[in-house]
Amino acid sequence: EYMNKIIKKQKIDLDDREIIYARASMLGIISNFFLVVIKLLIFFVTGSMSILSEAFNNISDCASSVISILGIKFAHKPKDKGHPYGHGRIEYLITLVISGMVMVVGFNFIMVSFKKVMHPGKLTFPFYTILLLFLSVLVKIWQANFYYKTGKKIDSTTLIAQHQDSLSDTLITTVVLIGVAIQKYTGLKIDGYIGIIVCLLYTS
């Protein structure tokens with residue numbers, strides 16, 4: 001409620017912007033941590049590499065939000081001799097750091113998923129795994145909408161980038177959901193292939 005009051009202001013000052021940014025990032029951390037717990041539980045039940053890739057995707061999202069909170073504090077520091085135009089460019093550097101993290105994690109999982117393709121194992125997917133993955137899609141849709149509206153209001157390139165990331169995550173989780181459904185109802189061993197697709201989408 002407090003954040004909504006600030007957002008509704010016609011003019012948002014730097015202090016308000018920092019408050020909104022920090023609280024938006026905290027909501028991102030909480031929601032992504034919720035998704036991490038869900039997907040790790042599914043992984044322990046199923047042993048699915050594609051779902052484990054999804055869990056680490058959400059872990060990197062949590063880390064991105066933490067880095068963003070720290071970065072915005074530096075970005076809003078006042079001008080000094082070394083930075084006569086302020087520290088605003090740090091926010092762009094944060095976006096690059098987040099992109100780098102995504103690339104490293106994604107390529108590591110491509111290699112693991114490829115091994116899964118070479119040596120597929122039998123996986124069991126209880127029906128509730130489909131329901132939990134569908135819930136994950138809904139959470140990511142909410143995240144994308146929230147980041148976009150907040151990012152536009154406070155003119156934050158990092159929040160807009162997180163909006164795009166959440167949209168990508170929505171697509172990726174949908175692919176995993178479809179893959180799980182196919183494996184459950186056809187018995188096809190496609191988990192490794194889905195894992196590779198997830199990683200390629202994740203790093204694109």
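Reckoned from all heavy atoms, side chains included, excluding hydrogens, waters and symmetry mates.
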Candidate pair Leu132 and Phe127, rule side chain to side chain contact (heavy atoms under 4.5 Å, CB included), full reasoning: CA-CA 9 Å; Leu132 290 175; Phe127 182 72; over 6 Å; no

Full working for side chain to side chain contact (heavy atoms under 4.5 Å, CB included) between Thr124 and Thr46: CA-CA 6 Å; Thr124 301; Thr46 65; over 6 Å; no

Selection residues 127-136 - residue pairs positive for side chain to side chain donor-acceptor pair (under 3.5 Å), sequence neighbours left out: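 Output for this query is empty, none listed.
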
Establish whether [X] and [Y] are linked, either directly or via other cluster members, by ILVMFWY side-chain heavy-atom contacts under 4.5 Å.
X: Leu177; Y: Val175; answer: yes
X: Leu171; Y: Phe134; answer: yes
X: Tyr193; Y: Val180; answer: yes
X: Ile178; Y: Ile42; answer: yes
X: Leu167; Y: Ile172; answer: no

Contacts of type side chain to side chain contact (heavy atoms under 4.5 Å, CB included), residue Leu188, not counting sequence neighbours: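 Residues passing side chain to side chain contact (heavy atoms under 4.5 Å, CB included) with Leu188: Ile182, Thr186, Ile190.
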
Counterpart residues, side chain to side chain contact (heavy atoms under 4.5 Å, CB included), relative to Leu40 (two or more places apart):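 Val36, Phe44, Leu52, Ala55.
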
Counterpart residues, ring-ring contact (aromatic ring centres under 6.0 Å, His included), relative to Tyr148 (two or more places apart):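 Tyr148 satisfies ring-ring contact (aromatic ring centres under 6.0 Å, His included) with His163 once adjacent residues are dropped.
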
Interatomic spacing from CG in Leu133 to OG in Ser50 - rounded to 0.5 Å: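 It comes to 8.0 Å.
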
Distance, nearest 0.5 Å, that separates CD1 of Ile51 from OG1 of Thr173: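 So the CD1 of Ile51 and the OG1 of Thr173 are separated by 10.0 Å.
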
Going by atom type alone, with no hydrogens or angles, which donor-acceptor pairs under 3.5 Å involve a side-chain atom of residues 137-145 and a protein atom two or more places apart or on another chain?
from   : atom 1 : to     : atom 2 : distance (Å)
Lys140 : NZ     : Asn32  : OD1    : 2.8
Lys140 : NZ     : Asp61  : OD2    : 3.0
Lys140 : NZ     : Gln143 : OE1    : 2.9
Lys140 : NZ     : Asp169 : OD2    : 3.1
Gln143 : OE1    : Ser166 : OG     : 3.2
Gln143 : NE2    : Ser31  : OG     : 2.7
Gln143 : NE2    : Asn32  : OD1    : 3.2

Close side-chain approach of Tyr147 to Ile160, heavy-atom, < 4.5 Å: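 Tyr147 does not reach Ile160 side chain to side chain.
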
Side-chain heavy-atom pair Leu135, Phe34 within 4.5 angstrom cut-off: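 A side-chain contact under 4.5 Å exists here.
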
Working for side chain to side chain contact (heavy atoms under 4.5 Å, CB included), residues Phe125 and Ile130: CA-CA 8 Å; Phe125 293 95; Ile130 294 177; 5.9 Å; no

Trace of the side chain to side chain contact (heavy atoms under 4.5 Å, CB included) decision for Phe43 with Glu54: CA-CA 10 Å; Phe43 168 72; Glu54 270 277 272; over 6 Å; no

Whichever hydrophobic residues join Val37 through chains of side-chain contacts under 4.5 Å: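 Hydrophobic cluster check, Val37: joined to Phe33, Leu41.
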
